[in-house]
Amino acid sequence: MSQKPEDFFKNIISHSKEYGYIFQSSEIYDGLSAVYDYGQNGAELKKNIREYWWRAMVQMHENIVGIDAAIFMHPTTWKASGHVDAFNDPLIDNKDSKKRYRADVLIEEHVAKIEDKIEKEVEKAKKRFENFDEAMFRSTNARVVEYQNKINDINNRFKNAMNDGNLAEVKQIIVDCEIVDPVSGSRNWTDVRQFNLMFSTAMGSVDGEGSTIYLRPETAQGIFVNYLNVQKTGRMKIPFGIAQTGKAFRNEIVARQFIFRMREFEQMEMQFFCKPGTEKEWYEYWKDARLKWHHSLGLGKENYKFHDHVKLAFYANAASDIEFQFPFGFKELEGIHSRTDYDLKQHEQFSGKKLQYFDPEEGASYVPYVVETSVGLDRLFLSILSAAFKEEKLQDGETRVVLSLPPALAPIKAAVFPLVKKDGLPELAEKIINQLKFDHIVTYDEKDAVGRRYRRQDAIGTPYCITVDHQSLEDGTVTVRHRDTMQQDRIKIEALNDFLNERVSMKSLLKQL
RNA sequence: GCGGAAGUAGCUCAAUUGGUAGAGCUCCAGCCUUCCAAGCUGGAGGUUGCGGGUUCGAGACCCGUCUUCCGCUCCA
């Protein structure tokens, strides 16, 4: 990576488009911001990544099962999870400083300032009088009462404005309070706008009250609401896990950096239910297991690191991210969170259903604690693509662009070429295709010089190219050319399936875990 | 969302001060047959992102809009 990181990233983006990995959504209509489509090769790579994750989690763990919960969920789900209230912020910009603020925070800070003034009055009075009756002072002192009235007035107005969804009134409060931007010191504000994290739509053919449905902003809640169904029907014993992959939707304020932050994205999550008090052990176990999984891809251990959260979300008692060195720096790839019993307790409360587990060893019931692993499939895709993308300078001065994808994840496992388009070589190549296609996705190419065809496959990331030449007709062998080394082996045609199976299967990856 | 920059063929880019939209590569058909891309012949492909405006005339100037990039801002 001798060039500037931005250029490197740009090259990856244009390479992705040129070779059928990623297209911008609705491109012929000028595109849709922060939404991307996966092309013929991207869909394969993505599917393979998903499959490797699924096998590592579900197939390799007897106590983990997978589900596929719907994207639509009962609206109360999102009240219980906290998404409805916690991600509904009124935002305002200062036109001079270009800074954005949460309008409610600005007003709260203003109120806090007035409260400080009251406290100062109280402190002063305390020093002045011997037998100081603080409660009396607060309720009678003219200045304090005036301040307090102001606070009550502001709070009432704000409460009403938010309840009515009256954003103009929220702005008016900021104007009336003469709140200034702490950076620019100006009162030059934009209108207040509502920020909603969740996309909403209407269920049923008739619009109206109560029919608002959200597109899920995370897959986790589909697991939590099904936890008891799975536990009972699968006769699962704690500790056990439920895995799920699927689309999630978030209205990000700023969605950028290609597929790193999209409005529609795919998560791969596993919620691990364990006995209260054991959650830290499992948290450490999963941190370790997940890092190992990433390392097994062979993209360089130095590209991964943990970032432990210091400031924890209200529901968590431990949290860490696995970060990857993207072309634009170390960024979050996967989160491992110890979520306590927060989610299940919330759903108990909102649904009125008991979500407890009877532990025969304890002889008692409890709400399990949860350790979550949550990885972004699209981010994982980008991490693999950016680590695999290489612009090589060869010894003879030529350059080549190669995607050194892990063979098990590569969209196309092998390409078959006739060295020349005559003498029966194409026919033999077709026969080989027909022999291999039952095991793997393979492709055929007879156009242009063979070296050129090798380069084309390098750019797609195909790990093996099989070339049929005149010797093949005589002794039934072909050359197999390796993508990364460009070395060739001569192999019997009958041995090709075994050769490929051994090298492109996920088994070798799974064995490293 | 704010500020800055950009948008011309699938890709990379041209097009004097406003005066007929071009090239290379790619792609397709054919020729050639050579194990590490760019031989030969022919061909396809553009309402210059979109919509208005100024002008005799706009790829170029003005306004709006969409998208992308960079920097802010936000992110359980």
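Residue numbering restarts at 1 for every chain, and letters A, B, ... go by the order of the sequence lines. Just so it is clear, the structure is predicted and the values come from calculations on it, not from any experiment.
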B:C2 to B:G10 separation - C1' atoms, rounded to the nearest Å: 35 Å
Please enumerate all residues that pass side-chain contact (heavy atoms from CB on, under 4.5 Å) together with A:Lys247, with sequence neighbours excluded. A:Lys46, A:Ile71, A:Phe249, A:Glu264, A:Glu266
On a whole-Å scale, what distance lies between the P atoms belonging to B:U12 and B:C27? 16 Å
Would you mind telling me which of B:U68, B:C27, B:C35 lies closest to the side-chain atoms of A:Val450? B:C35
Using the P atom on both, measure B:U17 against B:C61 and round to a whole Å. 11 Å
Minimum-distance nucleotide to A:Lys447 side chain [options: B:C35, B:C27, B:C28]: B:C28
Between the base of B:C11 and the side chain of A:Glu18, is there a donor and acceptor pair under 3.5 angstrom? no
Donor-acceptor pair under 3.5 Å, A:His337 side chain vs B:A76 base: no
Spacing of the P atoms in B:A14 and B:G51 (rounded, Å): 24 Å
Please state whether the base of B:C35 and the side chain of A:Arg481 form at least one donor-acceptor pair under 3.5 Å? no
When you measure from the side chain of A:Leu419, which nucleotide among B:C35, B:U68, B:U34 comes out closest? B:C35
Looking only at the side chain of A:Thr479 (C-beta and beyond, no hydrogens), which of the listed nucleotides B:U67, B:C75, B:C35 gets closest? B:C35
Considering every strand shown, what is the Watson-Crick or G-U wobble mate of B:G39 when both distances are under 3.5 Å? B:C31
Would A:Lys413 count as a cation-pi partner of A:Tyr464, with NZ or CZ less than 6.0 Å from the six-membered ring centre and within 45° of the ring normal? no
Under 4.0 Å from OP1 or OP2 of B:C11: is there any side-chain N or O of A:Lys17 that close? yes
Measure the NZ-CG distance between A:Lys305 and A:Asp321 for me, rounded to the nearest 0.5 Å. 11.0 Å
Distance between the P atoms of B:C50 and B:A58, in whole angstroms? 15 Å
A:Arg290: which residues meet the salt bridge (Lys or Arg N to Asp or Glu O under 4.0 Å) condition with it, sequence neighbours left out? A:Glu334
Span that lies between the C1' atom of B:G46 and that of B:A21, in whole angstrom: 8 Å
Could you check whether A:Arg250 gets within reach of a base, just the sugar-phosphate, or nothing at all, counting any heavy atom under 4.0 Å? base
Integer angstrom distance from the C1' of B:C32 to that of B:G42: 15 Å
If the C1' atom of B:C35 is compared with that of B:G71, how far apart are they to the nearest Å? 49 Å
Go ahead and name the base partner of B:C11; Watson-Crick or wobble counts if both distances stay under 3.5 Å, otherwise write none. B:G24
Of the listed nucleotides B:A37, B:C35, B:G10, the one nearest the side chain of A:Arg455: B:A37
Hey, does the Lys NZ or Arg CZ of A:Arg379 hover above the aromatic six-ring of A:Phe381, less than 6.0 Å from the centre and inside 45° of the axis? no
From B:A76, B:U33, B:C27, pick the nucleotide closest to the side chain of A:Glu218? B:A76
Length of the CD1-P vector between A:Ile13 and B:U12, whole Å: 12 Å
Heavy atoms only: give me the nearest A:Arg453-A:Leu419 pair and the separation to one decimal. NH2-O, 3.3 Å
